[in-house]
Amino acid sequence: MNETIHWTEHGQNVQAIWGGDSRHPAPSHIQTTSQISAEQALHLMRQNTALLWRGDYHQGKQLLAAIKKRVHSKARTHTDFHKHRLQQAQHSRLFQQLLVEIQPNCLLKNSRAPNVAAALSDVFGSPNQHTLLLPLHLLLGYIGAHEWHKTGVAIPALNGQKIHVPYGVFSPVRGEYLELVAQAKLPAPCHTAWDIGTGSGVLAAILAQRGIPHITATDNSTRAIACAQANIQRLGLTEQIHIQHTSLFPGGSADLIICNPPWLPAKPSSDIETALYDPGHQMLQTFLTHAKNHLTPHGQVWLIMSDIAEHLGLRPAKALEQWINTAGLKLIHKTDIQPQHPKARQHHHALASARNREITSLWQLAAK
């Protein structure tokens with residue numbers, strides 16, 4: 001977010017720092033406006049002209065909603081995963097062309113604009129010192145994420161206690177697999193556990209609640225580490241859980257190693273998507289390959305996986321079993337559950353067929 005972009009306004013040359021999504025190029029041509037129809041806006045945006053909104057904040061939101069409605073109504077429904085992802089990326093690039101100006105210290109000067117300082121500080125870490133041009137749809141996403149961060153997600157497996165997740169960290173909204181972890185039989189004895197790719201820290205917290213005294217939770221994301229540390233402190237579990245910023249495994253061995261890796265073998269297009277997409281299942285296969293070397297003699301590996309990649313044609317049906325076998329691991333027990341999240345019941349969605357058949361499983365593994 002360091003690229004400077006230039007435009008002309010009221011006969012003056014103006015510049016600002018580009019604050020848009022890094023996967024899309026900064027706009028090369030900008031036109032300011034405070035009143036325009038959705039059709040006119042779309043025409044300009046499709047010609048790679050970004051619109052800097054100078055009008056009323058709520059009217060800007062209405063304009064963006066009207067643009068999205070028109071684009072989605074004319075979009076083809078792709079049941080092929082890769083075509084669906086490509087269309088999503090194309091839409092994202094288009095929607096990024098309606099901009100607002102964020103002046104230093106997170107000041108948004110459009111009429112009736114809310115105070116966005118807390119939401120932007122949640123994303124960027126500190127108030128901006130230079131003027132930013134930010135896509136309105138990104139700003140709305142930041143505001144929504146900040147509200148969810150404040151509210152938190154109640155976790156039944158933690159007796160209803162909340163996990164608070166900021167923008168850029170995967171939220172544990174899929175509670176069904178958390179229940180599997182809360183109820184599965186632990187290896188005996190179980191004095192040490194590792195949570196690999198901890199994210200929000202929710203799995204480490206569940207293991208701590210189950211009485212495991214020494215837990216190490218790792219992640220290679222700075223945002224995730226800060227999030228997990230805050231949640232673990234909030235839940236009063238700092239004596240049991242140590243957070244470590246590292247890729248995959250810490251040193252030594254553990255009685256239980258748990259991992260909820262990305263489920264889909266595709267390229268992530270943003271930081272938060274690294275929790276969802278793992279090109280070629282590289283992280284998963286690396287985890288399986290090395291997990292056995294970190295187990296105590298009676299230890300177990302717990303792997304949380306969905307089979308949605310199989311239903312989408314992205315992974316052969318028996319590939320996971322083959323990878324487990326090749327890694328020198330064997331199956332002790334496998335528990336399945338159907339997803340309970342709302343998207344699993346959206347029959348109109350492009351990927352509904354796969355989601356309706358999806359099963360999430362807890363694979364309990366041991367060394368051969």
Side-chain angles (χ1 to χ4, degrees), residues 1 19-22 53 55-69 72 88 91-92 95-96 98-128 132-175 178 198-202 205 219 221-235 269-276 340-346:
M1 196 187 67
D21 195 325
S22 60
W53 183 250
D56 176 84
Y57 172 78
H58 293 282
Q59 290 180 2
K61 287 175 59 179
Q62 292 170 357
L63 174 62
L64 179 61
I67 290 170
K68 289 183 175 182
K69 183 177 180 180
H72 289 145
Q88 284 184 315
H91 289 177
S92 175
F95 300 151
Q96 188 162 259
L98 182 62
L99 314 175
V100 291
E101 181 181 283
I102 309 295
Q103 296 186 356
N105 295 312
C106 303
L107 182 61
L108 179 60
K109 295 190 71 175
N110 298 73
S111 61
R112 295 200 296 164
N115 186 328
V116 298
L120 292 181
S121 294
D122 224 9
V123 175
F124 300 129
S126 60
N128 57 304
L132 302 177
L133 288 194
L134 191 65
L136 179 57
H137 90 109
L138 268 188
L139 175 63
L140 296 178
Y142 294 159
I143 292 171
H146 178 65
E147 293 304 315
W148 276 107
H149 187 193
K150 290 191 301 181
T151 303
V153 179
I155 307 297
L158 288 173
N159 299 318
Q161 295 183 92
K162 290 185 174 182
I163 292 290
H164 295 262
V165 182
Y167 179 86
V169 180
F170 189 68
S171 181
V173 293
R174 298 209 31 183
L178 302 180
T198 191
S200 67
V202 64
D219 209 294
S221 163
T222 302
R223 286 184 187 274
I225 289 295
C227 173
Q229 287 175 330
N231 281 315
I232 296 311
Q233 184 173 6
R234 190 181 295 110
L235 294 169
S269 55
S270 61
D271 288 343
I272 194 171
E273 285 193 349
T274 58
L276 301 172
Q340 306 299 316
H341 61 96
K343 287 184 178 179
R345 299 185 292 273
Q346 291 180 353

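Identified under the salt bridge (charged side-chain N to carboxylate O under 4.0 Å, His left out) test for residues 139-152, with sequence neighbours left out: Glu147-Lys150. For residues 153-165, the side-chain hydrogen bond (donor to acceptor under 3.5 Å, both in side chains) pairs, not counting sequence neighbours, are Asn159-Gln209.
To the nearest 0.5 Å, atoms CG (Leu108) and CG (Leu139) are separated by 6.5 Å. Asn231 contributes atom CG, which lies 4.0 Å from atom CD1 of Ile163 (distance to the nearest 0.5 angstrom). Once rounded to the nearest 0.5 Å, the distance linking CD1 of Ile155 with CG of Leu235 reads 9.5 Å.
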Worksheet item: side-chain contact (heavy atoms from CB on, under 4.5 Å) between Leu63 and Leu136: does it pass, once the steps are laid out?
Response: CA-CA 10 Å; Leu63 174 62; Leu136 179 57; over 6 Å; no
Worksheet item: Run the side-chain contact (heavy atoms from CB on, under 4.5 Å) check on Trp148 and Val165 step by step: do they pass?
Response: CA-CA 7 Å; Trp148 276 107; Val165 182; over 6 Å; no
Run the side-chain donor-acceptor check on residues 113-126: report pairs under 3.5 Å with partners two or more places apart or on a different chain.
residue, atom, partner, partner atom, Å
Asn115, OD1, Ala117, N, 2.9
Ser121, OG, Ala117, O, 2.9
Asp122, OD1, His149, ND1, 3.3
Asp122, OD2, His146, ND1, 3.1
Asp122, OD2, His149, ND1, 2.8

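Judged purely by atom type and a 3.5 angstrom limit, Asn110 uses its side chain to pair as donor or acceptor with the backbone of Trp53. Put simply, the side chain of Asp219 never gets that close to the backbone of Ile225: no donor and acceptor are under 3.5 Å apart.
For the residue pair Val169 and Ser200, the shortest heavy atom distance occurs at CG1-N, 4.0 Å. Between Gly19 and Leu138, the shortest heavy-atom contact is O-CD1, 4.1 Å. Ser171 and Val153 get closest at one heavy-atom pair: OG-CG2, 3.5 Å. Here the closest non-hydrogen pair linking Tyr167 and Arg223 is O-NH1, 3.4 Å. Across all their heavy atoms, Pro127 and Cys106 have their closest contact at CA-SG, 3.8 Å.
Here the side chains of His137 and Leu98 are not in contact, with every heavy-atom distance at 4.5 Å or above. Between Leu158 and Val202 there is a side-chain heavy-atom pair separated by less than 4.5 Å. Looking at heavy atoms from C-beta onward, Leu140 lies in side-chain contact with Leu64 at the 4.5 angstrom threshold.
Partners of Ala228 according to the side-chain contact (heavy atoms from CB on, under 4.5 Å) rule, which considers only residues two or more places apart in sequence or in another chain, are Thr198, Ile243. A search for side-chain contact (heavy atoms from CB on, under 4.5 Å) contacts involving Ala65 returns nothing, not counting sequence neighbours. Every residue two or more places apart in sequence or in another chain that forms a side-chain contact (heavy atoms from CB on, under 4.5 Å) with Gln103 is listed here: Glu101, Leu107, Lys109. For Asp56, the side-chain contact (heavy atoms from CB on, under 4.5 Å) criterion is met by His58, Gln59, Ser111, Arg112, not counting sequence neighbours. Scored by the side chain to side chain donor-acceptor pair (under 3.5 Å) test, Ser92 finds Arg23, His24 as partners (sequence neighbours excluded).
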